[in-house]
J.: 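Let me give you the structure first, and then I'll get to my questions.
Remember, it's 1-based here, ligands and their atoms both numbered in the order they're listed. All figures in this text were calculated on a predicted structure; none of them were measured in a lab. Note that these values count all heavy atoms, side chains included, but never hydrogens, waters or copies made by symmetry.
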Amino acid sequence: MGAMDALISSGAHNATTAPFLGAGGLASLLPQVQTVEVLVAVFIFVAIHSLRQRRSLGLPSWPVVGMLPSLLLGVRGDMYEWITGVLKARGGTFTFRGPWFTNLHCVVTADPRNLEHLLKTKFGNFPKGPYFRDTVRDLLGDGIFGADDEVWRQQRKAASLEFHSAEFRALTASSLVELVHRRLLPVLAETEAAGAAVDLQDVLLRLTFDNVCMIAFGADPGCLQKGLPEIPFARAFEDATEATIVRFVTPTAVWRGMRALGVGHERVLRRSLAGVDEFAYDVIRKRREELAAAAAAGREEDAAGGLRRADLLTIFTKMRGADGAPAYSDKFLRDICVNFILAGRDTSSVALAWFFWLLSKNRGVEAKILEEVEGIVAARGRCGEVEEELVFQPEEVKRMEYLHAALSEALRLYPSVPVDHKEVVEDEVFPDGTVLKKGTKVIYAMYSMGRMESIWGEDCREYRPERWLKDGRFMGESAYKFTAFNGGPRLCLGKDFAYYQMKFAAASILRRYHVDVVQGHPVAPKLALTLFMKHGLKVTLAKRDDKAKL
Ligand code: HEM
């Protein structure tokens with residue numbers, strides 16, 4: 001007898017006889033219905049109920065495990081596309097119910113009105129929160145990335161002043177000339193000469209890692225050089241970041257226990273943090289000595305060769321409190337630098353990797369970029385022709401508006417930070433009517449926002465830099481619609497620097513090489529905090545032969 005039959009027949013029987021049955025009579029009937037059948041019937045009832053909830057909640061929600069089964073199915077395919085599908089079906093926002101007794105419950109949104117509300121209008125009610133901070137504390141300490149309130153404000157203010165200073169701009173420009181012309185181009189030239197394939201994502205990651213270390217520490221780890229060697233500091237940083245991310249998918253009590261015992265990923269984290277700290281504290285000690293020696297000699301200059309250092313470590317080390325003593329401890333200086341490296345090391349390289357892949361599928365866009373770049377070079381006149389090696393000047397990079405649009409368009413479709421999160425401090429209601437209880441986690445899905453017809457129109461999935469141009473000039477978008485750089489008071493501090501870096505590197509490569517993605521190379525996003533290409537980007541290079549590209 002099937003479970004439904006059991007229910008029907010027992011129900012029919014009850015309908016006729018129940019009025020005449022006492023409690024004892026009912027009890028005597030129960031053994032007739034086998035336990036297994038009752039369980040199956042209950043299961044079917046629960047399943048129908050859970051599946052019906054799909055209509056009201058967007059996903060089936062099961063007892064105990066909540067929406068976890070749907071999430072697990074989503075993770076097996078393309079997680080970001082799965083989230084996009086659910087968000088579209090729900091009109092831009094949905095509530096995810098995690099398993100009982102876990103911290104997986106959250107509200108996911110891709111609605112620009114909600115983004116403006118949480119990133120700007122009610123900024124104070126949506127901090128990073130203690131859960132995020134506790135999880136990343138071993139790696140990031142009190143640095144800007146995990147900090148809230150006064151600790152965040154103080155660092156943001158000081159770093160913001162620094163990022164907008166003329167010295168900092170000069171440092172970013174000179175560090176890029178060094179890295180692109182003395183390292184990146186020679187590595188690419190060697191690859192081209194050998195006719196070999198190279199993982200362009202890896203090369204770009206090395207470029208931006210070295211660059212952000214120069215900006216943060218004023219020290220160059222040397223990851224990008226011929227032979228692409230493994231650098232202990234870079235390895236340690238990578239491992240420490242990955243082991244920290246594992247904590248986000250491990251119940252808090254479990255990773256805390258593993259940390260106490262020093263096992264599994266926590267063991268890797270402890271070991272790699274030691275590598276990060278060794279490098280950081282060594283640079284900090286040397287910088288303090290260098291600054292002290294310069295001060296003792298009555299020199300303003302603090303670097304060898306008389307050049308003034310403008311890196312973050314030097315700026316923060318020089319700061320004094322009201323009593324004239326150093327404002328920051330070595331530990332705090334370490335936290336500041338490690339946070340900036342984390343913020344700036346992968347984001348622009350990953351964006352460039354997606355950009356080169358998009359160009360390989362949209363050669364018309366590449367042609368327009370080259371036309372723009374050639375126009376800028378031509379405007380140099382004779383003085384450009386006699387130059388031994390063509391190095392783009394900052395004002396030329398600024399004039400590359402089509403390239404700016406092409407990079408923004410790549411970031412719209414492949415934002416380096418695909419999802420981000422906040423925690424709700426006080427009960428709140430989103431502009432779209434979603435009710436948020438205190439403590440709720442809010443996930444905002446940047447990747448999905450780039451694929452919303454309601455935001456970008458019917459051609460939202462097309463790579464079309466022209467959508468960013470008006471009369472040939474680049475036109476920015478609202479930060480709550482184009483969220484790749486976050487928005488409001490926590491807008492990415494490195495945005496201008498990142499564009500400069502990406503434009504300089506992209507124009508320098510494209511002018512010299514035709515970049516082809518190796519046939520059949522699989523391209524897919526990796527499930528991580530940054531939108532890496534899961535299998536890297538294997539490319540071959542061919543010299544552009546129309547003119548001698550120096
Ligand atoms: C294409 C390149 C980049 C993208 C797409 C990007 C994106 C972002 C995003 C989404 C955030 C918000 C993260 C959060 O609060 O959870 C952020 C914050 C930040 N970014 Fe960037 N970033 C890029 C490059 C850089 C670079 C090169 C640097 C530094 C050298 C940098 C420095 C920062 C800092 C310091 C913050 C923290 C700001 C704060 O919390 O007040 N970023 N960035």
J.: Just to confirm my output: which protein heavy-atom neighbour is closest to atom 36 (C) of ligand 1, and how far is it?
T.: Phe145 CE1, 4.0 Å
J.: Which protein heavy atom lies closest to atom 40 (O) of ligand 1, and at what distance to 0.1 Å?
T.: Arg490 NE, 2.9 Å
J.: Would you say Ile215 contacts ligand 1, with heavy atoms under 4.0 Å as the rule?
T.: no
J.: Between Asp210 and Cys223, is there a donor-acceptor pair closer than 3.5 Å when you use the side chain of the first and the backbone of the second?
T.: yes
J.: Within the distance-only criterion (no hydrogens, no angle test), does the side chain of His164 pair as donor or acceptor with the backbone N or O of Ser160 below 3.5 angstrom?
T.: yes
J.: Looking only at N/O atoms, are Lys422 and ligand 1 under 3.5 Å apart anywhere?
T.: no
J.: Would you mind checking which non-hydrogen protein atom is closest to atom 16 (O) of ligand 1, with the distance to 0.1 Å?
T.: Asp420 OD2, 2.7 Å
J.: So which protein heavy atom does atom 10 (C) of ligand 1 come closest to, and at what separation?
T.: Ala484 O, 3.3 Å
J.: Between Glu116 (side chain only) and Arg113 (backbone N and O only), is there a donor and an acceptor less than 3.5 Å apart?
T.: no
J.: Pick, from Ser160, Gly143, Ser348, Ala410, the option with the minimum heavy-atom distance to atom 1 (C) of ligand 1.
T.: Ser348
J.: Got a donor-acceptor contact below 3.5 angstrom from the Thr208 side chain to the Arg345 backbone?
T.: yes
J.: Using a cut-off of 2.8 Å, how many protein N, O or S atoms sit around atom 21 (Fe) of ligand 1?
T.: 1
J.: Enumerate the atoms of ligand 1 whose separation from the nearest heavy atom of Phe497 is less than 4.0 angstrom.
T.: 27 (C), 30 (C)
J.: May I ask you to establish whether Lys128 and Trp152 are in a cation-pi arrangement, using a distance under 6.0 Å from NZ or CZ to the six-membered ring centre and at most 45° from the ring axis?
T.: no
J.: Give the residue and atom name of whichever protein heavy atom lies nearest to atom 35 (C) of ligand 1, and the separation in Å to one decimal.
T.: Phe340 CE2, 3.4 Å
J.: For Phe355, run the side chain to side chain contact (heavy atoms under 4.5 Å, CB included) check against Leu411, Val350, Leu204, Leu403 and tell me which one passes.
T.: Leu403
J.: Quick check on contacts: which atoms of ligand 1 are under 4.0 angstrom from a heavy atom of Ser416?
T.: 5 (C)
J.: For atom 38 (C) of ligand 1, what's the nearest protein heavy-atom neighbour? Residue, atom name and distance, please.
T.: Arg156 NH1, 3.4 Å
J.: If we only consider heavy atoms of His421, is any one of them less than 4.0 Å away from an atom in ligand 1?
T.: no
J.: So, applying salt bridge (Lys or Arg N to Asp or Glu O under 4.0 Å) with Glu401, which one of Lys470, Arg473, Lys503 is it?
T.: Arg473
J.: Got an N/O contact under 3.5 Å between Lys128 and ligand 1?
T.: yes
J.: Is it the case that the side chain of Asn362 and the backbone of Gly364 share a donor-acceptor pair, with hydrogens and angles ignored and the cut-off at 3.5 Å?
T.: no
J.: Hey, could you give me the CZ/OG1 distance between Arg287 and Thr317, rounded to the nearest 0.5 Å?
T.: 7.0 Å
J.: Are the side chains of Val517 and Phe356 in contact, using a 4.5 Å heavy-atom criterion?
T.: no
J.: Have a look at Tyr444 and tell me which of Thr93, Asn486, Asn114 forms a side-chain hydrogen bond (donor to acceptor under 3.5 Å, both in side chains) with it.
T.: Asn486
J.: Any non-hydrogen atom of Trp152 lying under 4.0 Å from ligand 1?
T.: yes
J.: Should the pair Arg137-Asp142 be classified as a salt bridge under the 4.0 Å nitrogen-to-oxygen rule?
T.: yes
J.: As an exercise, state the distance from OG of Ser416 to CG of Asp346, rounded to the nearest 0.5 Å.
T.: 9.0 Å
